[in-house]
Every structure is written in structure tokens, then in C-alpha cells.
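Beneath this line is the structure, given in C-alpha cells, with notes to follow.
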Amino acid sequence: MCGIVGVYSDENVAKDVYYSLFSLQHRGQESCGIATLNGRINHHKGMGLVTDVFKEEQLKTLSGNIGIGHVRYSTAGGSHPSNSQPLVGMCRGGKIAIAHNGNLVNSDVLKERLEDDGLIFQTSIDSEVILYLLARYYKGDDIVDAVKRTMSLIKGAYSLAIMTEKELVAVRDPNGFRPLRIGKRGNDYIVASEDSAIDVIGAEIVRDVEPGEIVLIKDGKMESFFYETDYARRSCCIFEHVYFARNDATIDGINAYKFRVETGELLARESFVDADVVVPVPDSGWAGAIGYSKESGIPFMEGLVKNRYVGRTFIKPTQKEREVGVKLKLNPLKEVIKGKRVILVDDSIVRGTTSKQLIESIRKAGAKEVHLRITSPPVKYSCYFGIDTPRRSKLIASSNPVDKICEIIGADSLRFISIDGMRSATHGKLSFCSACFDGDYPIDPMVESI
Ligand code: 5GP
Ligand code: MG
């Protein structure tokens, strides 16, 4: 998972890109970078948060009227400085910089072929394959053609911000797995993963980049091209709405907050349990718990206090660290919990670490009963399209039925929303990829990687 942004303006864009990236920080905390065009392409990147990597002095060196940025959350490729983005390369047509969100399913095959041709890769990320292919096809004149040729070879999930020495290009794969939005501020254009990045610089939301669309911003104008307009292939990632995107993101016509509140309501209808209080698991469970409380009539209260200075515990490398991480991050509020029958609401269970730890500490805080309600179905299958789900064997729901999970995590009862329930919160607007829940992969990851 990652966040990307691209800004096109008459003025210096480094600050805009910085603020936009900052507002996409939830999409990746591992590394970040900015590239700008001022006659030539300059860039700066590093490990850590946006505010750590960029100070006034770095931004000063990044002058230019076009810029792209990236925040990274490692999926393909390890956590290493060389894997940070934007990737910048030199080709016949001049320098190209790319920022990629998503995951290719056939990058190994393509990489091998490129290596046969004598290329030496500098990173272990799939995005470098995209850069090499673009460099192969771009001769300095027709970037859209180079993008189309690249798209004919790469398979999987990709939202891209591409910058050449004269233009900004935004691309979304034909399935539309990852989001990409367009905004406008006077004569300026911005493309970004989520609305927050557009709002923060005072631009107006225009629309989504459509699946299969190539948006070219050049000479102050925006033009649209299509690699493919096969709407049957659309399969936007439903996990963006379940967990990943911020509440204020509207992706493909559905606002994440509304979706989450609604799945909470639907879940309360599907699996009501009588209790004294509905408690969200901060922050990802807030909206679902609001919906559950509204629909069930059971009061909503803050029963867990979150330490705002702890990052995401999910990505810690070892199980022990993840467990300590949960304790450090969330502490029960005894005054709310003691003697109560608690309904705990979270957005998802992946390994089961969070729920197990929380239920233990809520019981210690004196809860009479703990009922866990999850606003997504059980995550049973790995994601090959950019969500950081661990190997199948690590997914608690891949090998355990719901009652067994309930026993493992120590809840009095456990219910997940049904797949149909979750889908109904999308109001039939689109088709979604829900492979992590149902194993129905829109692109076969096995066939493609042979
Ligand atoms: P578990 O502890 O069961 O492994 O993970 C579930 C918790 O992690 C939930 O609170 C959920 O909000 C969060 N979560 C689910 N998927 C992801 C992900 O891809 N990345 C991160 N950072 N957190 C996730
Ligand atoms: Mg969470």
C-alpha cells in the first residue's frame, strides 16, 4: 500500500506536494519522496515519515512547477532506502520519475525478461519494472503511447503518477484496484490517491481517474486517453473502503465513512446482541461502531484510549512486538468498561493479534461480557494487488471457522458481516474486488506469474 500525488502548476509545487503527501501519511509510513521538474528533474527521498524526511531545506532544493510524491508501505520488496519512491531514471527521452501504488502480479516474469536483455535492477520493487518499460518506449515525444505499451505488458494493480521533463501523467490500471482522484485549483491540476491530499492544498475535487484511463497534463491542459474502457473488468479494492482509505475519501462514488457507518448498521441488523455499551477499536472501528450503536440503540462510548504517538502496530515484524504494540497503543477506560456487557466493533480481523489482546485487557478492566463485531467478512485469502495481508497460513480465518476464532481470541461471541451485507453497502454502484474475503481473484495471480 502506498499513497501517490502529482501536482501541475504555474508556480513552485514542492510545498503543495509536501502537504498532500503529509495528508496521505496513513497510506504508508515507511519511506517517502518528492521529485520536481525545474528544467530537469530533481528528487529527494528517505526512510521515515514525511515530516522526518522533509524539512525546509530539502523543500528549498526542490523547485519546479511539476512535482510528484510517494509515501510507501512495503508490500512487494523489503523495507530498504533503495526501495523508496519516486523512482527516477534516465532514458532516451530524458528523465522520467514515477510514483506507484499497487502491486504487479507478473513483475517476476517481466523482470527476468529484462534481465535477459542485460538490465540490472537497482531495487527489489516491482515498480522498477514499470520505469524500465516506460524508458524503453519513451523517446521524448509520445508519453501516452509509451504508457499504453507498458500497460499492455504489466498485469495487476497500479495507480501511477508519472513525470517527464515536460508533463504530468496519471494512470489507473484497467481493473481500477487502487484509487486515484483528480483535483483543480485555478489553472493548477492535482492527482492524488485520496481527497484529503486535494482538499489540503485548497483544490476542488473534479473526479476519479477512471479504470484504464491515462490522464495527460501538459501545456496547462488536461487530456484523457483510454487504454481500455472495458467496464466489465472494474474491480476496485473493497478493502480501501473497509480499512485503508481515510474516512474523508470518496472512491468511485462511495465515501469511506458512509460505507463504514452503513456496514456497522447492517451488522447490527444481521447479528444483534443485547449489551450495555458499544465500544469502537480506535481508529479504524469508529465509524462501524457509530453505525452499530445507531441501529441497535445501544449507547456508544469511548472504552479504549489510543496513544496517538504509536504508529500502526500491524506492520511490526515480529508477533511479540505486535502484541506489545497493541498494549502500548490501546488502553481500556475502566470507568466505561467495568461491570458492563461490551460490544467491541472493529473493521477487520487479519491475524487476530489485535482482538485477542484487546479482549484480554477489556476483561481485566472488569467487563462482564465482550462481544466482538467485525464490519468486514473474515479475511481468508492473501491479497496480490497491494494490500499487506500476510501469507494465508497467518490469516486466522483461513484455517479456522468463526466459532474457533471466537474461542482463540476469547470473546463471548463473535460475528462478521456477511459478504452480501458488505456488498449492499456499495449500493450496486460498481463491481469490487473482494478476493481477500471470497478468493475470487479478478486476475489470476498464479497463471500470471508463471
Ligand atoms: P490483526 O491484529 O487481526 O492482525 O489485524 C486487525 C487490525 O489491523 C484491525 O484493527 C485493522 O484495523 C488493522 N488492519 C487490517 N488490515 C490492515 C493493513 O493492511 N494494514 C494495517 N496497518 N492494519 C490493518
Ligand atoms: Mg484497526
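Please read all numbers here as calculations on a predicted model, not as lab measurements. By convention here, the first residue in the shown sequence is residue 1.
Residue Phe272 holds its CZ atom at 4.0 Å from CD1 of Ile298, rounded to the nearest 0.5 Å. A distance of 12.0 Å separates CD1 in Ile251 from CZ in Arg246, rounded to the nearest 0.5 Å. Atom CG in Asn175 sits 8.5 Å away from atom SG in Cys236 (nearest 0.5 Å). The OG1 atom of Thr150 lies 9.5 Å from the CD1 atom of Ile214; values are rounded to the nearest 0.5 Å. In this structure, Ile34 CD1 and Gln58 CD are separated by 9.5 Å, a value rounded to the nearest 0.5 Å. In this structure, Leu153 CG and Ile130 CD1 are separated by 11.0 Å, a value rounded to the nearest 0.5 Å.
A donor-acceptor pair under 3.5 Å links the side-chain atoms of Ser196 to the main chain of Ser23, judged by distance alone. Proximity of a side-chain donor or acceptor of Asp52 to a complementary backbone N or O of Gly48 within less than 3.5 Å is not detected. Judged by distance alone, with hydrogens and angles left aside, the side-chain atoms of Ser348 form no donor-acceptor pair with the main-chain N or O of Ser376 at under 3.5 Å. Between the Arg391 side chain and the Ser382 main chain, no donor and acceptor come within less than 3.5 Å of each other. In this structure, His43 contributes its side chain and Val88 its backbone to no donor-acceptor pair below 3.5 Å.
When every heavy atom of Asn103 is checked against every heavy atom of Tyr384, the shortest pair comes out as ND2-O, 3.3 Å. Contact detail for Ala425 and Thr263: the closest heavy-atom pair is CB-CG2, 3.8 Å. Nearest heavy atoms, Ala170 versus Val191: CB-CG1, 3.7 Å. Shortest non-hydrogen contact noted between Ile343 and Ala275 is CG1-CB, 3.5 Å.
Between Glu228 and Arg233, at least one side-chain nitrogen of the basic residue sits less than 4.0 Å from a carboxylate oxygen of the acidic one, meeting the salt-bridge criterion. The residues Arg373 and Asp347 are annotated as not salt-bridged, no charged nitrogen and carboxylate oxygen being separated by less than 4.0 angstrom. For Asp252 and Arg181, the salt-bridge test fails: no basic side-chain N is under 4.0 Å from an acidic carboxylate O. Using a 4.0 Å cut-off between a side-chain N of Lys or Arg and a carboxylate O of Asp or Glu, Arg178 and Glu194 do not qualify as a salt bridge.
Taking the six-membered ring for Trp and thresholds of 30 and 60 degrees, His241 and Phe259 have ring planes inclined between 30 and 60 degrees apart.
For Asn247, the side chain to side chain donor-acceptor pair (under 3.5 Å) test picks out Arg260, with sequence neighbours left out. Residues satisfying the ring-ring contact (aromatic ring centres under 6.0 Å, His included) test with Phe177, not counting sequence neighbours, are Phe385.
For Phe437 and Tyr381, the ring centers are positioned 6.0 Å apart or more. Ring to ring, Trp286 and Tyr257 are not that close: their centroids are 6.0 angstrom or more apart. Checked against the 6.0 Å centroid criterion, the rings of Phe121 and Tyr132 qualify as a close aromatic pair.
Geometrically, Lys148 does not engage Tyr227 in a cation-pi contact, judged by NZ or CZ lying under 6.0 Å from the ring centre and within 45° of the ring axis.
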**Message:** Test side chain to side chain donor-acceptor pair (under 3.5 Å) on Asp346 and Ser284; report intermediate values, then the result.
**Reply:** CA-CA 7 Å; Asp346 203 357; Ser284 52; 3.3 Å; yes
**Request:** For side chain to side chain donor-acceptor pair (under 3.5 Å), just list the numbers for Ser82 and Gln122, CA-CA rounded to whole Å, side-chain angles, deciding distance to a tenth of an Å, and then say yes or no.
**Result:** CA-CA 7 Å; Ser82 67; Gln122 317 273 338; over 6 Å; no
